[in-house]
K.L.:
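Quick one: structure below, then a few questions.
Lettering follows sequence order; numbering is per chain, from 1.
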Number of protein chains: 2
Amino acid sequence: MSALSGDTRLPRYQRLAEALRQEVVERRWKPGDRLPSENDIAALYGVATGTARQALVQLVKEGLLKREHGRGTFVRRPNFDQSLFRFFRFWAKDGVRSVPESRILRRVMAAPPGHVARSLRIEDGGGAINMSRLRLIDGEPVVAEEIWLPLDLMEKFLDVAEADIGPLLYPVYDEVCGQTVARAEESLTVESSAPETARLLRLEAGAPIIVIDRLARGYDDTPLEWRRSRGAADRFHYHTEIR
Amino acid sequence: MSALSGDTRLPRYQRLAEALRQEVVERRWKPGDRLPSENDIAALYGVATGTARQALVQLVKEGLLKREHGRGTFVRRPNFDQSLFRFFRFWAKDGVRSVPESRILRRVMAAPPGHVARSLRIEDGGGAINMSRLRLIDGEPVVAEEIWLPLDLMEKFLDVAEADIGPLLYPVYDEVCGQTVARAEESLTVESSAPETARLLRLEAGAPIIVIDRLARGYDDTPLEWRRSRGAADRFHYHTEIR
DNA sequence: TAACTATACTTCTATATAGAACTAAAGATG
DNA sequence: CATCTTTAGTTCTATATAGAAGTATAGTTA
């Protein structure tokens with residue numbers, strides 16, 4: 001019977017939603033876990049079943065939870081590390097969209113440039129981890145990535161053996177550092193490739209490239225990763241529905 | 001007491017939602033109109049108020065309706081003609097994002113090319129309206145558009161005086177042709193500008209440009225407009241949130 | 001063993017009811 | 001006339017209850 005706190009005069013189902021959100025943020029409920037049933041939650045927090053239901057439905061809409069008829073309610077396992085590739089018409093020769101391989105070129109501690117420090121909310125003098133990756137499909141380089149992580153939250157990432165880092169980084173952040181990437185903002189522009197990038201991607205210098213800046217955040221909006229990806233513009237393709 | 005039809009064994013609230021959707025599709029309820037209250041709808045269709053509510057909420061989620069506390073439920077007035085410009089960092093010199101002016105260069109009946117005919121579901125030998133527009137901000141050309149409309153649905157558009165066509169086309173389609181654009185799919189790529197496009201946009205020939213193909217559809221998915229827009233890539237900027 | 005059955009869980013659908021919160025307009029008051 | 005009050009409409013919140021429908025497992029039967 002944990003009474004609902006946050007006692008502003010918000011509707012009860014919203015305060016309940018906030019309480020449940022906190023359970024996930026503070027990792028008492030982890031991705032993949034099953035929550036108590038809606039009846040149990042209602043009893044636990046002292047509200048009617050319908051009210052508990054309304055809170056749960058809202059959190060599903062936010063993408064935090066997932067419900068399955070007859071099975072239960074689960075903490076959603078975020079999964080959009082590879083979603084970068086929705087911007088590109090890259091797929092393997094057999095036509096299947098697979099996760100591309102990746103080759104880590106550099107992984108060091110470093111002082112972040114100003115705009116990265118601001119995005120990641122790193123204090124003056126605070127450290128960061130800097131990484132450079134090349135992603136390949138069928139051995140062909142398609143995207144070059146520059147990645148920055150806040151040192152205080154992600155320090156343990158430096159201890160992971162390179163062999164243990166697969167093409168997907170977010171599961172590693174989750175397991176090693178206890179930080180779950182829940183959402184991200186992305187920003188796309190077109191530029192001319194600098195000589196170094198052109199060499200990495202095997203393009204002519206000055207060829208147009210798509211630059212994607214991404215800021216990944218945790219459940220409570222803490223910035224967890226800043227990433228800049230570059231790929232050949234002639235392979236760029238984005239499809240969306242608007243209403 | 002219009003009984004719910006579509007008698008598959010779908011849940012009642014979904015069949016009700018479908019019935020209400022039809023009211024909008026068949027223009028008995030027009031954009032801006034207020035619907036009967038949730039109690040009245042429940043009585044009309046012979047369901048409980050909560051069930052009517054559930055149907056209405058779903059249609060709000062789909063973007064078809066809009067509800068206002070204490071005022072009523074309304075058919076949403078779609079409004080994304082200018083949304084093209086979310087892809088570009090174009091705004092007037094005063095910093096305000098305004099709707100750009102537009103200059104119609106051509107408006108004629110013509111036979112559509114194959115891929116357009118397929119997109120618009122135009123039968124062999126079926127006609128189309130072809131239009132070419134240039135859009136400007138502060139007198140500067142920023143986007144060139146090539147537009148195709150299916151003749152059978154949009155014939156009356158040819159009769160509209162050019163002076164009566166503002167920068168926004170969709171309200172004209174709605175008022176003159178009785179066709180409401182409810183949603184659209186867009187597809188973005190990067191290309192090198194052809195000489196003619198470069199001249200229109202005052203770029204060097206071969207400069208990279210963003211090409212946006214859009215297919216606009218009505219409430220019942222009927223294709224209403226095919227549009228290809230071209231703008232300078234160095235002004236391109238797209239921002240999105242993913243989860 | 002293999003296939004069916006019963007059972008105990010879960011979420012989902014549907015109903016009914018009561019009052020709060022908000023909006024708009026008609027009516028009363030100064 | 002201007003301002004406040006009442007009133008009738010709307011959606012929104014919250015509760016309670018009953019049963020349908022889906023899932024997983026333990027138990028039974030052939």
Side-chain angles (χ1 to χ4, degrees), chain A residues 1-21 23-24 29 32-77, chain B residues 1-21 23-24 29 32-77:
Chain A
M1 237 241 296
S2 4
L4 287 183
S5 56
D7 280 65
T8 51
R9 268 286 138 306
L10 281 173
R12 239 185 280 228
Y13 76 93
Q14 283 187 31
R15 287 189 286 149
L16 176 54
E18 177 55 32
L20 302 179
R21 210 179 281 114
E23 297 289 330
V24 176
W29 294 339
D33 283 2
R34 193 177 82 175
L35 273 60
S37 75
E38 56 186 34
N39 282 315
D40 291 351
I41 287 181
L44 275 166
Y45 289 89
V47 300
T49 310
T51 305
R53 209 181 147 68
Q54 205 174 349
L56 290 168
V57 165
Q58 189 181 82
L59 293 175
V60 168
K61 199 167 61 186
E62 290 175 18
L64 193 71
L65 303 180
K66 172 184 58 169
R67 314 195 82 195
E68 293 181 32
H69 190 170
R71 297 210 337 115
T73 305
F74 304 85
V75 179
R76 190 159 155 261
R77 217 184 286 277
Chain B
M1 238 245 296
S2 2
L4 287 184
S5 56
D7 281 65
T8 51
R9 267 284 137 309
L10 281 175
R12 244 191 280 236
Y13 75 94
Q14 283 189 28
R15 287 189 286 149
L16 175 53
E18 178 53 33
L20 301 180
R21 209 179 282 114
E23 297 289 328
V24 176
W29 294 339
D33 284 2
R34 193 177 83 176
L35 272 62
S37 75
E38 55 186 34
N39 283 313
D40 292 350
I41 287 180
L44 274 166
Y45 290 88
V47 301
T49 310
T51 305
R53 208 180 148 67
Q54 204 173 349
L56 290 168
V57 165
Q58 188 180 85
L59 293 175
V60 168
K61 200 168 61 188
E62 289 176 18
L64 194 71
L65 303 180
K66 171 183 58 167
R67 313 194 82 193
E68 293 183 30
H69 190 169
R71 296 205 342 114
T73 305
F74 304 84
V75 179
R76 191 158 156 262
R77 217 186 285 278

K.L.:
Listed by chain and number, what are the side chain to side chain donor-acceptor pair (under 3.5 Å) partners of B/Arg21, not counting sequence neighbours?
P.N.:
B/Glu18, B/Glu62
K.L.:
Which residues pass the side chain to side chain donor-acceptor pair (under 3.5 Å) test with A/Arg34, not counting sequence neighbours?
P.N.:
none
K.L.:
Kindly state each residue pair satisfying salt bridge (Lys or Arg N to Asp or Glu O under 4.0 Å) with at least one member in residues 39-53 of chain A, sequence neighbours excluded.
P.N.:
A/Glu38-A/Arg53
K.L.:
Can you build the contact string for nucleotides 6-20 of chain C? Use B for base contact, S for sugar-phosphate-only contact, and - for no protein heavy atom under 4.0 Å.
P.N.:
----BBBBSS-----
K.L.:
Sequence neighbours left out, what passes side chain to side chain donor-acceptor pair (under 3.5 Å) with B/Thr49? Give chain and number order.
P.N.:
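If we apply the side chain to side chain donor-acceptor pair (under 3.5 Å) test to B/Thr49, skipping adjacent residues, the hits are B/Asn39.
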K.L.:
Run the side chain to side chain donor-acceptor pair (under 3.5 Å) test against B/Gln14 and tell me which residues pass, sequence neighbours left out.
P.N.:
none
